[in-house]
There are 2 protein chains.
Amino acid sequence: LLEAEAVERTYRMGGDVEVRALRGVSFRVDRGDYVAIVGTSGSGKSTLLNLIGALDRPDGGHVRYDGRDVREMSDTELAELRNVRIGFVFQSFHLLSRMTARDNVAMPLVYRTSSPKERRRRATEALEAVGLGDRVDHRPTELSGGQQQRVAIARALVTEPALILADEPTGNLDTRTGEEIMGLLEGIQADRGTALVVITHEPEIAGRAGRRIELRDGLVVADAVQIPT
Amino acid sequence: LLEAEAVERTYRMGGDVEVRALRGVSFRVDRGDYVAIVGTSGSGKSTLLNLIGALDRPDGGHVRYDGRDVREMSDTELAELRNVRIGFVFQSFHLLSRMTARDNVAMPLVYRTSSPKERRRRATEALEAVGLGDRVDHRPTELSGGQQQRVAIARALVTEPALILADEPTGNLDTRTGEEIMGLLEGIQADRGTALVVITHEPEIAGRAGRRIELRDGLVVADAVQIPT
Ligand SMILES: Nc1ncnc2c1ncn2[C@@H]1O[C@H](COP(=O)(O)OP(=O)(O)OP(=O)(O)O)[C@@H](O)[C@H]1O
Ligand SMILES: Nc1ncnc2c1ncn2[C@@H]1O[C@H](COP(=O)(O)OP(=O)(O)OP(=O)(O)O)[C@@H](O)[C@H]1O
Ligand SMILES: [Mg+2]
Ligand SMILES: [Mg+2]
């Protein structure tokens, strides 16, 4: 499904300052895989997720989907990949503050589902699945931190993507709500064969995956199959 | 130091919809106290912190500092309270995106420290204390999620406030960095008698406090001294 090969990303700042955020990262994700990405703050996890989500371009190496390099994709192909085939949960949510929760969640469906009524129905369903059926008309500023996080998660699920990339999806959730959300994601992975890649700093969440990749200073220092707990 | 008495907060939305976020919350915090606030997503924790931080007004009940009701404070007194006497770490950081990390951290010092050179020096020190000495000139968008969180923490410490209110301060930090940050805050509490109120969903973090308050649906359901682990 997805392959990262020797991926590098360097941020260049004014005055010759460079931050080598990724220094040659390689791994692959097959359909139905469940991968946890861990590592210290600043080790390059979000940078990696942005690259494999085709939201950013590597400075070195390749990112391929079903063998096709994202560099060779047209704008239309990239839009389809980012908005329909991949569901992305951002570390800082990136919700649109002037739209309600439901309209935020309905956004990715614009690329695929032509009827506004159908988009609204599916967005409502996704919000109910994350426990926010009674918050559909609230705007992000009218929601708690954990509720905003769950809106971002609902938006990532609504197109039934082949791959979910989630950056700290439980960072603002109490333990029980966090487990409910992970259970929801794992159910989707089990039922539909959706691949799940989750960045997390919580060992209990990382332990639920079938594979664990650890980053340090922009390099992979561990990539191991594990028995999920 | 701080007293909340029968505090209520109701959000009124269009069309007669009301969300009773806090329905009568009472507790007190003395100098040097270390309190953890826990509860499910949406239970009212951030709302409570905003009220005790004098960033919002209760619809019912009272918030008092050293016996003085915040409702009776002048704008100048409130500015001093919010920016100097209290250090606030927001769940969504609220950093200014056009300023560097150092300038963000120096902001609260404007209310107290007249020399730009001294503000710069103290801001640099605070950033070094949270492990970001090599990121002082980065803007928030040029920082990882956990680095942004630590900038917000440094900003809350820089005026050496009497009370630190921290909303999920380790939500984006790996376990080790999170422990280093809590160690830093606890050191300040032990050395300077600073009161620490921390909202957290992580049981290991909550267990470090001397007292634990649990919220559910806008009410206090537990307020107990505990042996820190
Ligand atoms: N501006 C607002 N308008 C309407 N409702 C609001 C507003 N802000 C918050 N709420 C609601 O008030 C309730 C309490 O919100 P609050 O942010 O205090 O929760 P919390 O305990 O901090 O949650 P979390 O753990 O998810 O951060 C939530 O149900 C939320 O939907
Ligand atoms: N736009 C940018 N310009 C310069 N440096 C950047 C930029 N974005 C990120 N960085 C740096 O790149 C490194 C990796 O950032 P990244 O966001 O990938 O880390 P992370 O592993 O997700 O961290 P966290 O766990 O704190 O979220 C960090 O040291 C950060 O300071
Ligand atoms: Mg990150
Ligand atoms: Mg909150």
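We name chains A, B, ... by the order of the sequence lines, and we start the count at 1 in each one.
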Contacting moiety of A:Val17, where chain B heavy atoms sit under 4.5 Å: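 No part of A:Val17 comes within 4.5 Å of chain B.
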Heavy-atom contact with chain B under 4.5 Å, split by part of A:Thr170: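 Contact with chain B: backbone only.
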Interface residue of largest heavy-atom contact number with chain A, from B:Arg176, B:Gln149, B:Arg150, under 4.5 Å: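 The candidate making the most pairs under 4.5 Å is B:Arg150.
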Under 3.5 Å side-chain donor-acceptor pair for B:Arg216 and B:Thr40: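 Per modelled atom types, B:Arg216 and B:Thr40 side chains form no pair under 3.5 Å.
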Top of A:His138, A:Glu202, A:Glu142, A:Glu168 for chain B proximity - count of heavy-atom pairs under 4.5 angstrom: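 Looking at each of A:His138, A:Glu202, A:Glu142, A:Glu168 in turn, A:His138 comes out on top.
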Test item: B:Gln148 side-chain N/O and B:Leu143 main-chain N/O as donor-acceptor pair under 3.5 Å: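 Checking the backbone N and O of B:Leu143 against the side chain of B:Gln148, a donor-acceptor pair under 3.5 Å is found.
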Short side-chain to backbone donor-acceptor contact, A:Lys45 and A:Gly39, under 3.5 Å: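 Yes, the answer is positive, given that a donor and an acceptor are paired below the 3.5 Å cut-off.
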side-chain hydrogen bond (donor to acceptor under 3.5 Å, both in side chains), paired with A:Tyr34, selected from A:Arg211, A:Glu186, A:Gln189: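 Only one of A:Arg211, A:Glu186, A:Gln189 forms a side-chain hydrogen bond (donor to acceptor under 3.5 Å, both in side chains) with A:Tyr34, namely A:Glu186.
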A:Arg28 bridged to A:Glu3 by N-O distance under 4.0 Å: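 Salt bridge absent between A:Arg28 and A:Glu3.
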Residue B:Thr175 versus chain A: region with a heavy atom under 4.5 Å: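 It is both, since atoms from each part get that close.
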B:Ser144 portion near chain A, given a 4.5 angstrom heavy-atom threshold: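 It is the side chain, since no backbone atom gets that close.
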